[in-house]
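What follows is a single structure, written as structure tokens, with notes after it.
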Amino acid sequence: MKTAEFFNLEFDNVSFSWPNGVKVINQCSFSIEKPGLWMLVGENGSGKSTLFRLISGLIRPESGKIFCSLKPALVHQNPDHQLLMPTCKSELMLCVPKTIPQSNLFDLIQSSLEKVDLGEMLDRPIHTLSGGQKQRLALAGAVISNSNLLLLDEPTALLDPQSQNSVLKVVRKLTSSSIDPITAVWVTHRLEELFFCDGAAILKNGRIGKWNSGSKVFQQLKSLAHR
């Protein structure tokens with residue numbers, strides 16, 4: 001394995017068990033070297049949520065090492081569990097780092113909204129937004145907080161097809177930007193989303209398999225389903 005300094009994110013033989021003794025992550029090793037959209041597919045109970053908690057530092061591994069040179073932000077499946085304020089502007093003000101001067105605040109908020117295709121929603125009440133717009137606002141909150149590692153837990157699962165596409169489009173834009181592209185790890189059960197990622201892997205028995213193209217992982221999973 002390369003030294004960790006070459007990676008944005010690296011797991012080196014990481015294991016984690018809950019207090020009841022159930023091992024959720026089992027000698028898991030993987031790395032992400034560059035920005036992009038990286039997708040994970042796994043059955044319920046395969047350890048996806050635990051993986052994100054380990055990356056975020058909310059829990060610590062019982063063994064192995066985690067290296068992360070990025071600032072992570074978790075984006076939940078249901079944006080209503082994440083958005084706290086009444087308007088788009090007030091929500092993003094809550095996420096702005098305290099070191100940002102007041103004179104730069106409006107421009108920063110407006111820029112963050114434009115990055116997620118919500119440029120005209122500054123004073124819009126959040127309760128009037130569609131599910132896809134709420135999810136994109138949650139993305140804007142992560143971006144404005146200076147997070148450059150998005151941990152996306154099935155972010156399109158509760159959305160209609162049009163909103164699903166809008167969220168996927170925005171994440172692709174953020175990860176492929178020519179200026180400060182970010183890294184996104186996206187857990188999905190919608191296999192058609194795999195065709196839009198930069199790499200995909202299967203999470204099974206607490207371990208992540210090799211990164212492959214999204215189309216290859218799609219074919220692997222389709223083949224397994226027909227056995």
Side-chain angles (χ1 to χ4, degrees), residues 1-78 81-82 138-139 142 145-157 171 175 182-191 193-194 197-225 227:
M1 215 176 222
K2 296 180 183 178
T3 56
E5 64 190 27
F6 289 98
F7 298 113
N8 287 337
L9 174 65
E10 181 187 25
F11 271 45
D12 185 6
N13 287 316
V14 171
S15 294
F16 179 85
S17 300
W18 290 111
N20 60 8
V22 175
K23 187 176 288 293
V24 189
I25 302 296
N26 184 20
Q27 294 185 321
C28 179
S29 295
F30 74 95
S31 61
I32 294 176
E33 301 181 38
K34 59 185 180 180
L37 176 53
W38 307 89
M39 288 193 176
L40 294 174
V41 184
E43 298 176 352
N44 290 333
S46 60
K48 301 184 295 293
S49 297
T50 303
L51 184 78
F52 277 1
R53 290 176 185 175
L54 286 165
I55 296 172
S56 299
L58 298 175
I59 55 177
R60 295 183 178 181
E62 63 187 44
S63 63
K65 296 181 180 179
I66 299 172
F67 174 84
C68 184
S69 64
L70 306 174
K71 181 182 178 181
L74 182 62
V75 178
H76 298 284
Q77 184 181 109
N78 188 344
H81 294 164
Q82 190 157 358
L139 293 173
S145 72
N146 288 332
S147 296
N148 51 5
L149 173 59
L150 297 180
L151 304 175
L152 302 153
D153 187 5
E154 296 187 61
T156 59
V171 173
T175 57
I182 66 174
T183 302
V185 182
W186 177 309
V187 170
T188 184
H189 281 151
R190 300 180 61 243
L191 299 188
E193 292 178 340
L194 292 171
C197 68
D198 295 298
I202 298 172
L203 177 59
K204 186 176 182 180
N205 298 325
R207 294 183 180 181
I208 293 177
K210 293 182 179 180
W211 293 110
N212 282 300
S213 68
S215 58
K216 186 171 182 178
V217 171
F218 179 91
Q219 293 300 329
Q220 287 177 334
L221 293 168
K222 284 294 185 181
S223 297
L224 290 172
R227 287 183 182 178

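- Nearest heavy atom pair, residue Phe16 against residue Thr50, reads CD2-CG2, 3.6 Å.
- Under the 4.5 Å side-chain criterion, counting only non-hydrogen atoms from C-beta, Gln220 is in contact with Asn212.
- The distance from the CH2 atom of Trp18 to the CD1 atom of Ile25 is 9.5 Å, given to the nearest 0.5 Å.
- Counting all heavy atoms, side chain and backbone alike, Ala201 lies closest to Gly209 at CB-O, 3.6 Å.
- Between Ile208 and Phe11 there is no side-chain heavy-atom pair separated by less than 4.5 Å.
- Heavy-atom contacts from other residues, nucleotides or ligands closer than 6.0 Å to CD of Glu62 number more than 12.
- Interatomic distance, Trp211 CH2 to Cys197 SG, rounded to the nearest 0.5 Å: 8.5 Å.
- Other residues, nucleotides and ligands contribute over 12 non-hydrogen atoms within 6.0 Å of the CG atom of Asn26.
- Residues Val14 and Leu51 have side chains not in contact (no heavy-atom distance under 4.5 Å, counting atoms from C-beta outward).
- When all heavy atoms are compared, the tightest approach of Asn13 to Ser29 is N-OG, 2.8 Å.
- Of the options Leu70, Thr175, Asn8, a side chain to side chain contact (heavy atoms under 4.5 Å, CB included) to Pro35 is made by Asn8 and by none of the others.
- Considering only heavy atoms from C-beta on, Gln27 comes within 4.5 Å of Ser15 through its side chain.
- Considering all non-hydrogen atoms of both residues, Ala200 and Gly214 come closest at CB-CA, 4.0 Å.
- Note that the NE2 atom of His76 and the OG atom of Ser49 stand 10.0 Å from one another [nearest 0.5 Å].
- With rounding to the nearest 0.5 angstrom, the CG atom of Leu40 is 10.5 Å from the CG atom of Asp153.
- To the nearest 0.5 Å, the span separating CG on Leu37 from CD1 on Ile182 amounts to 9.5 Å.
- Side chains of Ile55 and Leu149 form a contact here, defined as non-hydrogen atoms less than 4.5 Å apart.
- Shown here is Lys216, whose NZ atom has no more than 12 heavy atoms of other residues, nucleotides or ligands within 6.0 Å.
- With Trp186 as the fixed residue, the side chain to side chain contact (heavy atoms under 4.5 Å, CB included) test singles out one of Val41, Leu150, Thr156: Thr156.
- Ser46 places no side-chain N or O within donor-acceptor distance of the main-chain N or O of Lys204, the cut-off being under 3.5 Å.
- The shortest side-chain heavy-atom distance between Lys48 and Leu203 falls under the 4.5 Å cut-off.
- Surrounding NZ of Lys23 are more than 12 heavy atoms belonging to other residues, nucleotides or ligands, all under 6.0 Å away.
- Contact check for Asn44 versus His189: side-chain heavy atoms found under the 4.5 Å cut-off.
- Contact record, Leu191 with Phe218: O-CD1, 3.5 Å, taken as the closest heavy-atom pair.
- Between Asn148 and Thr183 the shortest side-chain heavy-atom distance does not fall below 4.5 Å.
- For the residue pair Leu151 and Pro72, the shortest heavy atom distance occurs at CD1-CB, 4.1 Å.
- Using a distance-only test at 3.5 Å, with no hydrogens or angles considered, a donor-acceptor pair links the side chain of Thr188 to the main chain of Arg190.
- Distance OG/Ser69 to CD1/Ile32: 10.5 Å, rounded to 0.5 Å.
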